[in-house]
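Structure record follows, encoded as structure tokens.
Throughout, protein chains are lettered first and strands after them, A, B, ... in sequence-line order, and every chain is numbered starting at 1.
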Protein chains: 2
Amino acid sequence: MRNRSCVMRLLRYKNALLKLKALNFVRVFSDNLADAAGVTSAQVRKDFSIFGITGNRRGGYQVGDLIENLSHILGKDKDYEFIVVGVGNIGKALMRYDGFEKSGIKISAGFDIDPTKYDPGAAVAVYDLSKLNEYVVKNKIRFGIIAVPEFAAQQAFEVMINSGIKGVLNFTPARLKGPEDCIINNINLETELESIIYFVNVADKTGGK
Amino acid sequence: MRNRSCVMRLLRYKNALLKLKALNFVRVFSDNLADAAGVTSAQVRKDFSIFGITGNRRGGYQVGDLIENLSHILGKDKDYEFIVVGVGNIGKALMRYDGFEKSGIKISAGFDIDPTKYDPGAAVAVYDLSKLNEYVVKNKIRFGIIAVPEFAAQQAFEVMINSGIKGVLNFTPARLKGPEDCIINNINLETELESIIYFVNVADKTGGK
DNA sequence: AATAAAATGTGAAAAAAATCACAAAAAATA
DNA sequence: TATTTTTTGTGATTTTTTTCACATTTTATT
Ligand SMILES: NC(=O)c1ccc[n+]([C@@H]2O[C@H](COP(=O)([O-])OP(=O)(O)OC[C@H]3O[C@@H](n4cnc5c(N)ncnc54)[C@H](O)[C@@H]3O)[C@@H](O)[C@H]2O)c1
Ligand SMILES: NC(=O)c1ccc[n+]([C@@H]2O[C@H](COP(=O)([O-])OP(=O)(O)OC[C@H]3O[C@@H](n4cnc5c(N)ncnc54)[C@H](O)[C@@H]3O)[C@@H](O)[C@H]2O)c1
């Protein structure tokens with residue numbers, strides 16, 4: 001099934017393959033990909049089977065072909081632009097990161113309501129939130145990142161949706177409500193840290209110190 | 001079962017409950033929590049059932065009791081300190097964030113190999129990586145965050161493990177290898193964005209025009 | 001006090017995901 | 001060319017997770 005975790009695995013396979021390709025690998029086996037992605041080889045083959053990706057019995061898979069196949073399935077034939085709403089700690093960290101390019105992702109602008117954040121001349125320009133609609137429509141942006149304080153998240157989201165954005169990565173703890181056809185991925189750093197605490201505490205109790 | 005997604009849900013319930021408490025709510029029903037966490041009410045009750053949390057038939061749950069129960073299960077009776085390794089874009093964003101306190105989380109120091117990052121006098125001090133062991137041992141730190149470049153991730157991880165750290169949040173795309181008893185949570189922002197692209201593209205093709 | 005209404009708690013059922021296991025194909029070897 | 005070895009591809013099986021559905025309990029109402 002084309003569920004989230006399956007797609008996340010495909011992305012991991014693709015990243016592992018890109019590294020193998022950089023090392024001039026030509027062939028790869030499901031076992032290798034399994035190790036790289038932290039799953040079983042049967043899982044790798046099953047995932048490929050679901051998406052109709054085939055290899056060569058006894059010969060494994062051609063690295064180049066596999067990357068092409070996965071890139072096509074994952075819609076990464078071309079580059080995609082994201083905007084960031086909320087140019088604070090997280091927003092800035094994302095805008096300054098130079099590693100997205102190699103994944104075909106570009107952060108093309110930031111938006112904020114704090115005038116001290118505006119910087120239309122920067123490498124990644126920062127504009128007033130009121131300019132978002134115009135910018136998104138003109139540049140046909142379809143993806144955005146929400147990095148505003150929690151209380152402003154739903155409002156920022158609605159501005160984005162109304163401008164035509166179809167997919168967002170939400171860093172706030174808020175659970176956004178919007179149209180069915182908008183994809184929302186949530187990252188909650190607090191709960192990530194809290195879950196680590198939980199599992200370490202459990203290991204302490206059971207695994208015996 | 002006490003698996004990751006179940007624990008993540010409990011954390012979401014707890015966060016929703018803290019907000020309800022702030023609004024002076026006394027009672028809450030599984031339906032309310034379901035809405036807040038984006039799951040079904042049966043899921044909420046099943047989760048509680050697994051952990052032996054009970055409410056009052058017809059009367060729902062007492063907000064205060066529930067928070068206490070969940071906090072106990074989730075091991076959040078006291079505060080926990082994290083260190084950050086790699087004080088770059090992401091590392092700094094985390095160290096400057098002032099919202100962790102309310103979850104009982106404190107980022108107590110940062111470590112880097114770049115001398116220009118050292119800042120022992122800062123609100124959250126930044127030290128040379130070589131000081132990590134001493135600091136972690138002395139302060140009995142058990143949790144850390146990895147925000148170094150990918151190539152340095154495994155090395156940084158090993159320094160942390162050897163100092164006694166038991167749980168890490170890893171922002172690099174690297175798949176860390178270490179002892180069984182160390183908890184590793186991975187956040188891969190690239191694949192998060194890429195998966196959004198995938199699902200929006202799929203929705204485009206199937207869902208409509 | 002009897003009846004009705006509302007919400008929990010949980011086994012049973014269903015759905016989803018992962019693993020197994022092995023025939024089929026391809027390559028290597030004899 | 002025949003045999004052996006290796007790895008894929010996938011139906012069947014198992015495991016895990018979620019949902020269903022309803023008896024049970026509690027509160028409210030008459
Ligand atoms: N920084 C972290 O490490 C961290 C950790 C956990 C969660 N978060 C969450 O991520 C989000 C962002 O955190 P942060 O630390 O970057 O916050 P921040 O306060 O540093 O930045 C928020 C930015 O959003 C801007 N803003 C406020 N309202 C806005 C609006 N309506 N439209 C556009 N911009 C607006 C502010 O001017 C500010 O620049 C928060 O919801 C926070 O809860 C952050
Ligand atoms: N910033 C983002 O938005 C973003 C997005 C996706 C992924 N990531 C990943 O997160 C990680 C951090 O990204 P960033 O943008 O913060 O990087 P960065 O380059 O801004 O910061 C990395 C820091 O780590 C330090 N460092 C290098 N080697 C070290 C070592 N061995 N020990 C201790 N410190 C060391 C560097 O001096 C630097 O200060 C990277 O692995 C990156 O792939 C970041």
Given atom CD1 of A:Ile50 and atom C1' of C:dA16, what is their separation to the nearest angstrom? 11 Å
Near-strand residues of residues 52-65 of chain B, defined as heavy-atom separation under 4.0 angstrom from DNA chain D: B:Asn56, B:Arg57, B:Arg58
Side chains of B:Asn32 and B:Tyr61: donor-acceptor distance under 3.5 Å anywhere? no
Using heavy atoms and a sub-4.0 Å distance, could you list which residues of residues 29-38 of chain B are near DNA chain C? By number, please. B:Phe29, B:Ser30
Which label fits B:Tyr127 and B:Tyr135: parallel for a plane angle under 30°, tilted from 30 to 60°, or perpendicular past 60°? tilted
Assign each of B:Asp47 and A:Arg45 the nucleotide of DNA chain C bearing its closest heavy atom; nearer the 5' end lies the nucleotide of B:Asp47
Please state how far atom CG in A:Leu10 lies from atom P in C:dA17, giving the value in whole angstrom units. 14 Å
Kindly write out the residues that satisfy salt bridge (charged side-chain N to carboxylate O under 4.0 Å, His left out) with A:Arg142, not counting sequence neighbours, or none if the list is empty. B:Asp204
Enumerate the salt bridge (charged side-chain N to carboxylate O under 4.0 Å, His left out) contacts for residues 3-32 of chain A, please, sequence neighbours excluded, ordered by first and then second residue. A:Arg4-B:Glu192, A:Arg9-A:Asp47, A:Lys14-B:Glu194, A:Lys19-B:Glu150
Using atom CZ of A:Phe51 as one end and atom C1' of D:dT10 as the other, report the distance to the nearest whole Å. 16 Å
Sequence neighbours excluded - ring-ring contact (aromatic ring centres under 6.0 Å, His included) pairs with any residue from residues 146-196 of chain A: none
For a side-chain contact (heavy atoms from CB on, under 4.5 Å) check, start with the C-alpha distance between A:Val85 and A:Leu132, then their side-chain angles and the critical distance, and finish with the verdict. CA-CA 9 Å; A:Val85 182; A:Leu132 187 146; 3.6 Å; yes
Consider the side chain of A:Lys46, meaning its heavy atoms from C-beta on, and name the nucleotide among D:dA12, C:dA17, C:dT10 that approaches it most closely. D:dA12
Can we say A:Glu190 and B:Lys102 salt-bridge, meaning some charged N sits less than 4.0 Å from an Asp/Glu carboxylate O? yes
Would you tell me whether B:Ser195 and A:Asn185 have side-chain atoms, one donor and one acceptor, within less than 3.5 Å of each other? yes
To the nearest angstrom, the CD-C1' distance between B:Gln43 and C:dG9 comes to 14 Å
Tell me every residue that passes salt bridge (charged side-chain N to carboxylate O under 4.0 Å, His left out) with B:Lys46, counting only those two or more places apart in sequence or in another chain. none
Options D:dC20, C:dG9, D:dT10, nucleotide nearest the side-chain atoms of A:Ser49: D:dT10
Please give, in whole Å, the distance from D:dT18 P to A:Arg4 CZ? 14 Å
Can a side chain N or O of B:Arg9 be found less than 4.0 Å away from OP1 or OP2 on D:dT18? yes
